[in-house]
Amino acid sequence: MRPGVRRGATAALSGIRALEVVQALRICAFVLIEILCGKFGVKQIKTLQFKVIRNGDLKNQVSDMNKVRTSEKSSRTMSLLSQLEKINLGSVLGEADNARYVTSKILHLVQSQEKTRKEMTSKGSTGIEVILSTLENTKDPQTMLNILNILIEVISVGGGRKANILVAKGGTQILLQLLLTASKDSPPNEELMVLLHTLLAKIGPKDKKIGMKARINGALNISLNLVKQNLQNHRLILPCLQVLRVYSTSSVNAVSLGKNGVVELMFKIIGPFSKKNTSLMKVALDTLAALLKSKTNARRAVDRGYVQVLLTIYVDWHRHDSRHRYMLIRKGVLQCIKSVTNIKLGRKAFIDANGMKILYNTSQECLAVRTLDPLVNTSSLIMRKCFPKNRLPLPTIKSAFHFQLPVIPASGPVAQLYNLPPDVDDVVDESDDNDDAETESEIETENDDKDQHFKNDDIETDINKLKPRQELGRPLEELKMYERFFPELSENFQECDLVSKEPKPFIPDANLSGPIVVPTAGEEYSAETKQSTKGVALKESNPVLTEEYNRRPAFLELPKKDSVKDSSLHQQNDQRNLSPSCQCLNQEIVKGLDRMSLQSSAKNDQYYSTACVITKESKTSLTTLACSNPCEHVSPCGSSLFEGSSVHLGKFCCTGVDSEEEDSRSSSSGEQVMLEVSDVSPVHDCDLYIEMVKTTKSIPEYSEVAYPDYFGHIPPPFKEPILERLYGVQRTKISQDIERLIHQNDIIDRVVYDLDNLSCLVPEEADVLKFNSKFESGNLRKVIQIRKNEYDLILNSDINSNHYHQWFYFEVSGMKTGIGYRFNIINCEKSNSQFNYGMQPLMYSVQEALNSRPCWTRVGTDICYYKNHFSRSSIAAGGQKGKSYYTITFTVTFQHKDDVCYFAYHYPYTYSTLKMHLQKLESMHNPQQIYFRQDVLCETLAGNSCPLVTITAMPESNYYEHICQFRNRPYVFLSARVHPGETNASWVMKGTLEYLMSNNPSAQCLRESYIFKIIPMLNPDGVINGNHRCSLSGEDLNRQWQNPNPDLHPTIYHAKGLLQYLAAIKRLPLVYCDYHGHSRKKNVFMYGCSIKETMWHTNVNAAACDLMEDPCYRVLPKILSQTAPAFCMGSCSFVVEKSKESTARVVVWREIGVQRSYTMESTLCGCDQGKYKGLQIGTRELEEMGAKFCVGLLRLKRMSSPLEYSLPSSLLDIENELMESSCKVTSPTTYVLDEDEPRFLEEVDYSAESNDDQDIDLADNVGDYEATNQEDGLSDSDSTRILLS
């Protein structure tokens, strides 16, 4: 019988002794058949097998037999371990021989049985403890070798988890002690040393304390001495080097090893290209790279000239490794260079050894092979680090503009700035500036579990500080000064002509005030062509709303009385025409439009028209009325920007139109005009904007107006997707920067624009671009031409500050077509930006505006954001040594020759624009329906007024009941633009204001439900002067809410005063929301305040469990996530941070007592979810968000008191379900740092969003409550699509 058959039969018989002999024979036959099948095949044995098993289910019996067999083997392992345990206890005679025998048997099982390996490390098993105990107690070398092999087998398959088990059982300490004992033998047992080091190398990375343990045990130099004594024994020194690498993760150990000559020893092992011993070479390089992270070892390597040696070795391997088989060795050499260049001496030695040119050339040769990208990236990192640090080419990094503060703060960044010695703020820091450099000491603690968990020290953990405590903070008598801002609480409306229930007869001569059209993403809107006015319609005008007027489509019509105003214009000899289809402007015309100056009234009359009028001549074309006074320049205001068959260019001319013609135009052709003209801003008036600019006070005393602010902006009709970043674009840009150092003769280095040098001449060459930023909100300080078509741009810091460089807004002219111009903004400060994740800068073309396309569009290719070689001193950086700047780089190809283009960080929205919009809203509203009041809250430091707007519905009548209902409406307090660079906040606020002032029935319902107090711009001075974050005080106003200074922070002081007054008279706002922008996250989201959710993110969970909190703060964000396409609930956070305790959101919640206190953050980039997923955000979407916020407030009102509305019961059920799910406290939201730009690492990926709880998807047919979509005038509706078709 074959041996296999014999063994199978024997096993069968031994496993089923209780069975009958016949059954046993059948099983033996079955086993025999199975064996034969393997030799002769199944078909030949099929009949025999069937006959054997037909009389019983022998398969099950065989299965049971196998289980018994496995159980026996398992029990055998346990039996062997039990025997080993008895040997350890000394209860077995001849324990050395027995231990050797038992461990050899266990080793055989471990090598042959995977289940045995798993069983030894399974939960509850004592196998590892027994093995380690034996290893610790035995003196027999063979037993030691057996156990070491057992442990190697066990952890080799299980990976990190099993290594962790060995560490947790004290394995590291036992192995180190055994290493120390074995080293005393002379000579040491080579096999034992190989196995010990192999095992230590495997478990070392899992033991954070191995460095300290090795140092305490005195085992640190054993491995080093073994390497020194056995340089030719590659089998022994390979695991020794691996252990040295593990030891070197501790900088203390690395220094100690370095003193004993480890660095010099490594350079005896590594060398030029050789195909022999490549594994040893790789491990030696990894060990050396770890050792050189110590500054002491790095200095030693520099002193011995090893930087040059490393470069020579790298070049040799680069040249000979033509098939790229040894990329890991080449990368190992680069890692050594990277480590040694963490210190200044290393970088200097690298430069002196011509390292920049060597790595540049080798990396360029590697670009063609994608698999060599790790080499290119590491080389790029080294070159960036070693690029000599330079100061910015500025006389000082303080702002180019100076404003003397009325009071100098006693402490803080502004006080430090004023106390800086001369010429200190722009000195290059001589200290090491690399974040990778290790410190020379190692702090080691016994608690290695604490740092396993995420801990953010910024989260407030003191529950007493978290609990809201309503504090007025100021005496009640002092707060009475704010009573004048709340006349609605005392107004009796006895002299007002309120809206009656019966419609009044139509009065032809009355000043009609048309409804305001609200822009919406996803639907086109329009306004009737209108006349621009210099004056603003007087509030005394009493427009009448009639049934006929209500039946008309929604479009804007200005009051006729003031719509036309004569103006004396200078006569010109010619009149030029321009078709919208033309591709380029006449160069003389562009030069004629060079600037709009505000320096004299004569120039004002010359450049600015009073009105532009378009009339309807046919169904397919719009034509500007011919002006009786031919003019030279274009009239770009009003509806002349609309598309039509032709646009006549005049010198901003105005044309009078008689009332009959205007009446016929508005009644007969108004609808047709409205249908053909879309996306016209109803509140932009070119001439009114100029009037507003004249009263705006800037520190530089600007006398010019930017064309985009004058012309206005219409959202483009096309979608702008998030830009897909090309692979390798960043390293390409960095390589081009490095070429500046290598090929310095190719650099022009010519200043072409400089705010610090007013005598800087504008270049006259035709191929040099011209720059300008001397207008409201402009920011560009200096421009240096680097190459023919490449320019370095430097931004101005915030006034009374030496940093906050991010916002830019500037003009470019003199370009040519078909050329890619590269712009590098070189002094940005944030560590990352959405420019790395698909965001593009914005460009406005005057040529396109004159061709009836006045819009900001996303432009630029090869966009990236990266750290550059410019830095500040530690003093200027606020104590952070060697603070580096970052570069935004983008390339633009212009469409028109000699165009005038503007670039901006985001859609500009100036202070003068706000004033213009508020004036237009006030002049156009219907005072019988809308209570609109505009007050001056206070004056800013520069003397500009801070507007305060009140909006609500007029009472139904002057009856007592209606007046009481009017006065008792809850307040909603809104603010925006505390940070000037977050212009998207103003566009959201514009959408809110226009929706509140619209004739939408739901807007009227909203006005009847709330009184809105709105501060649309909290930081006018910062906006005017092109700041990014601060006011003229040089401070972040959103950090001053706790203790605002009335002299330095007047807008915050009085805004808080308004809220304190409301709290004093027991009229707390139902909602407070501060509109912001976020530059490093996508979508729109909210931050709120919750004690319980804050505690969830700390270790004080016990207090959080017992805490009772009304979860109503979640309702409004949840509603917005259901109604606003751009809103993302998953990005919301309700955590209160220590660093945010002086922000508006936290102070209004904690001190004023407003539970629904929010910051609403709008992305500067775009969305990665919802309807706008993959698209960059535009003004249409931002304004829509502002309007959707209003819709959310109305829904919040309805959900709070559903009985007031006659809604279907099923709809109410859905609303209640939504509210319950919104208020239900489940798991906390994922911690999102803060609304004020947390310091993300450079490699952070912003695409990952967190989801807290699943949103409830409402059915499409119940998304809006009104059957005719009246509640939400911003969503796509069938009626709108039919109207616009």
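The residues of the chain are indexed from 1 along the displayed sequence.
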Participant: Say whether, by atom type as modelled, one donor and one acceptor occur between the side chain of K770 and the main chain of V768 under 3.5 angstrom.
Facilitator: yes

Participant: Could you tell me whether Y902 and F775 have their ring centroids closer than 6.0 angstrom?
Facilitator: yes

Participant: Hey, does F808 have a side-chain heavy atom less than 4.5 Å from the side chain of I825?
Facilitator: yes

Participant: Would you check if there is a donor-acceptor pair between the side chains of Y702 and S773 at a distance under 3.5 Å?
Facilitator: no

Participant: Are D1021 and T940 close enough that a side-chain donor and a side-chain acceptor fall under 3.5 Å?
Facilitator: yes

Participant: Could you tell me which non-hydrogen atom of S912 sits nearest to which non-hydrogen atom of T696, and how far apart they are?
Facilitator: OG-OG1, 2.8 Å

Participant: Hey, does the side chain of D685 reach the backbone of D687 with a donor-acceptor pair shorter than 3.5 angstrom?
Facilitator: yes

Participant: Could you go step by step and tell me if F890 and F835 meet the ring pair (Phe, Tyr, Trp, His ring centres under 6.0 Å) rule?
Facilitator: CA-CA 9 Å; F890 57 93; F835 282 115; 7.4 Å; no

Participant: Please examine the side chains of F903 and Y844, heavy atoms only from C-beta on, and report whether any two atoms are closer than 4.5 Å.
Facilitator: no

Participant: If I take atom CE from residue M916 and atom CG from residue L688, how far apart are they, to the nearest 0.5 angstrom?
Facilitator: 6.5 Å

Participant: What do you reckon, are the aromatic ring centroids of H1076 and H979 less than 6.0 Å apart?
Facilitator: yes

Participant: side-chain contact (heavy atoms from CB on, under 4.5 Å), that's the test. Do E720 and F718 meet it? Break it down for me.
Facilitator: CA-CA 7 Å; E720 296 179 297; F718 46 85; 3.9 Å; yes

Participant: Is there a side-chain contact between T891 and Y821 in this structure, where contact means two heavy atoms from C-beta onward sitting under 4.5 Å apart?
Facilitator: no

Participant: How long is the straight-line distance from CG of L795 back to CD of Q806, given to the nearest 0.5 Å?
Facilitator: 8.0 Å

Participant: With V783 as reference, evaluate F823, F810, F771 under the side chain to side chain contact (heavy atoms under 4.5 Å, CB included) test and give the passing residue.
Facilitator: F771

Participant: Considering only heavy atoms from C-beta outward, does the side chain of L842 approach that of R858 to under 4.5 Å?
Facilitator: yes

Participant: Out of curiosity, K1188 NZ to E1183 CD, how far, rounded to the nearest 0.5 Å?
Facilitator: 14.0 Å

Participant: Could you walk me through whether W987 and H713 satisfy the side-chain contact (heavy atoms from CB on, under 4.5 Å) test, starting with their C-alpha distance in whole Å, then the side-chain angles of each, then the deciding distance to 0.1 Å, before giving a yes or no?
Facilitator: CA-CA 11 Å; W987 288 100; H713 160 72; 4.2 Å; yes

Participant: Which heavy-atom pair separates N984 from S1162 by the least distance, and what is that distance?
Facilitator: ND2-O, 2.8 Å

Participant: Check the side chains of T817 and H896 for a donor-acceptor pair under 3.5 angstrom, ignoring hydrogens and angles.
Facilitator: no

Participant: Using a 4.5 Å cut-off on heavy atoms from C-beta on, say whether the side chain of I690 contacts that of V705.
Facilitator: yes

Participant: Determine the minimum heavy-atom distance between V859 and M843, stating which atoms define it.
Facilitator: CG2-CB, 3.5 Å

Participant: Among residues at least two apart in sequence or on other chains, which ones pass side-chain contact (heavy atoms from CB on, under 4.5 Å) with L914?
Facilitator: Y909, L918, P947, P1016, M1017

Participant: Check the side chains of T992 and Y1075 for a donor-acceptor pair under 3.5 angstrom, ignoring hydrogens and angles.
Facilitator: yes

Participant: Is there side-chain contact between L850 and V846, with at least one heavy-atom pair below 4.5 Å?
Facilitator: yes

Participant: When you compare the side chain of F1189 with that of V988, does any pair of heavy atoms fall below 4.5 Å?
Facilitator: no

Participant: Do NZ/NE/NH1/NH2 and the carboxylate oxygens of E704 and K774 come within less than 4.0 Å?
Facilitator: no

Participant: Looking only at heavy atoms, which two atoms of C686 and F711 are closest? And how far apart?
Facilitator: SG-O, 4.4 Å

Participant: Using the rule given for side-chain contact (heavy atoms from CB on, under 4.5 Å), can you reason through Y1172 versus E1184, listing the C-alpha separation, both sets of side-chain angles and the distance that settles it, and then say yes or no?
Facilitator: CA-CA 12 Å; Y1172 304 130; E1184 178 192 59; 2.8 Å; yes

Participant: Can a donor-acceptor pair be found, under 3.5 Å and without considering hydrogens, that links the side chain of H917 to the backbone of L993?
Facilitator: no

Participant: Donor-acceptor pair, distance only, cut-off 3.5 Å: does the side chain of N796 make one with the backbone of N779?
Facilitator: no

Participant: Where is the tightest heavy-atom contact between R977 and A985, given as atom of each residue plus distance?
Facilitator: N-CB, 4.2 Å

Participant: Could you tell me whether the side chain of N944 reaches within less than 4.5 Å of the side chain of I1024, counting heavy atoms only?
Facilitator: yes

Participant: Nearest 0.5 Å please: distance from the CE atom of M815 over to the CG atom of D898.
Facilitator: 8.0 Å

Participant: I'd like to know if the side chain of Y911 pairs up with that of N1025 as donor and acceptor (distance under 3.5 Å, no hydrogens or angles considered).
Facilitator: no

Participant: Would you find a donor on one side and an acceptor on the other, under 3.5 Å apart, between the side chain of N1027 and the backbone of G1022?
Facilitator: no

Participant: Given side-chain contact (heavy atoms from CB on, under 4.5 Å), test H925 with L921 step by step and report yes or no.
Facilitator: CA-CA 6 Å; H925 84 282; L921 290 174; over 6 Å; no

Participant: Check whether any side-chain N or O of N772 sits under 3.5 Å from a backbone N or O of E811 as a donor-acceptor pair, and report yes or no.
Facilitator: no

Participant: If you compare all heavy atoms of Y907 against all heavy atoms of G1178, which two are closest, and at what distance to 0.1 Å?
Facilitator: OH-CA, 3.4 Å

Participant: Answer yes when R1029 and D798 have at least one side-chain N-carboxylate O distance shorter than 4.0 Å, and no when they do not.
Facilitator: no

Participant: Working to the nearest 0.5 angstrom, can you tell me the gap between T913 OG1 and H684 NE2?
Facilitator: 7.0 Å

Participant: Donor-acceptor pair, distance only, cut-off 3.5 Å: does the side chain of Q1176 make one with the backbone of Q840?
Facilitator: yes

Participant: State whether a side-chain donor-acceptor pair under 3.5 Å links S986 with T983.
Facilitator: no

Participant: Quiz question: by atom type and distance under 3.5 Å, do the side chains of S1079 and Q834 form a donor-acceptor pair?
Facilitator: no

Participant: Measure the spacing between CE of M989 and CG of L1182 and express it to the nearest 0.5 Å.
Facilitator: 13.0 Å

